[in-house]
Amino acid sequence: MESADNPACTASYLDSSPYETAIFSVADLVTVNDVAEFLKAKGFDEYAPAFKRHKIDGDAAMCLNDAVLAELIPEIGPRVKLQKALQELKDNPIYTSLLK
C-alpha cells in the first residue's frame, strides 16, 4: 500500500503543532514510503531521502540502533529527537500487544 493511499500517513494540519501526525502506532509504519511520510510529519523531511535510499521500512525503523541512526542522521540533536519519536511509537500499547 502506498502511503499516499493511506490516510493515516498524512500530517494533521488541524493541529497547531507542526510535529503532530496521524501515525500513532508502529502498525501504521509498513512501507518505506510510510516511514518517509512519518519522518516528514515529524519534521525530519531532510532525512527521508536517506531512509528511502537505504530501504528502511517500518520493521527496519523499529530496529534501528545508535550506530545506524548516527550514519543516517549525523547531527546529534535531530538524531535524539527521532529516537524519542520512535520510542514513543514503541511504547504505544498497540505496538506492545503486537509483540506478544
Side-chain angles (χ1 to χ4, degrees):
M1 174 189 295
E2 292 290 325
S3 59
D5 298 332
N6 186 349
C9 294
T10 59
S12 173
Y13 297 105
L14 301 175
D15 195 313
S16 60
S17 171
Y19 300 107
E20 292 299 318
T21 175
I23 297 174
F24 61 94
S25 77
V26 70
D28 296 319
L29 292 179
V30 178
T31 68
V32 171
N33 286 334
D34 292 339
V35 172
E37 289 300 316
F38 172 76
L39 291 170
K40 290 175 185 176
K42 288 291 191 176
F44 301 105
D45 14 352
E46 68 184 273
Y47 305 107
F51 279 69
K52 283 185 168 187
R53 185 172 55 254
H54 291 285
K55 297 179 176 69
I56 297 174
D57 61 9
D59 287 338
M62 291 298 106
C63 297
L64 292 174
N65 61 33
D66 292 338
V68 173
L69 272 174
E71 284 187 42
L72 293 168
I73 304 176
E75 301 87 5
I76 295 170
R79 184 179 342 131
V80 170
K81 290 174 184 175
L82 180 58
Q83 285 174 318
K84 179 182 178 207
L86 291 172
Q87 189 60 50
E88 287 170 355
L89 285 180
K90 290 177 185 179
D91 290 344
N92 186 311
I94 294 172
Y95 177 69
T96 52
S97 68
L98 292 173
L99 295 177
K100 294 179 182 178

| CE-CG distance between M62 and L29, expressed to the nearest 0.5 angstrom | 5.5 Å
| Roughly how far, to the nearest 0.5 Å, is CG of D28 from CD of E37? | 12.5 Å
| said: Looking at D91 and E88, would you say the former's side chain and the latter's main chain have a donor-acceptor pair under 3.5 Å? | reply: no
| said: With a 3.5 Å distance limit and no angle check, can you tell me whether K55 reaches the backbone of V32 through a side-chain donor-acceptor pair? | reply: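 Not confirmed, K55 side chain does not pair with V32 backbone.
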| query | Run the side chain to side chain contact (heavy atoms under 4.5 Å, CB included) check on K42 and Y47 step by step: do they pass? | reply | CA-CA 11 Å; K42 288 291 191 176; Y47 305 107; over 6 Å; no
| Cluster overlap L89 with V68, hydrophobic side-chain contacts below 4.5 Å | yes
| task | Answer with yes or no whether the hydrophobic clustering places V30 together with L64; edges join I, L, V, M, F, W, Y residues whose side-chain heavy atoms lie under 4.5 Å apart. | result |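 Different clusters.
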| task | Could you tell me whether the side chain of V35 reaches within less than 4.5 Å of the side chain of K52, counting heavy atoms only? | result | no
| message | Contact between L82 and L39 at the side-chain level, heavy atoms closer than 4.5 Å - yes or no? | response | yes
| request: Output, in order, the C-alpha distance, side-chain angles, deciding distance and verdict of side chain to side chain contact (heavy atoms under 4.5 Å, CB included) for F38 and L86. | output: CA-CA 10 Å; F38 172 76; L86 291 172; 4.1 Å; yes
| note | When every non-hydrogen atom of P74 is compared with those of R79, the smallest separation belongs to O-NH2, 2.8 Å
| note | Shortest non-hydrogen pair, D45 vs P49, comes out as O-CD, 3.5 Å
| CD of Q87: more than 12 outside heavy atoms within 6.0 angstrom? |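 Result for CD/Q87: enclosed.
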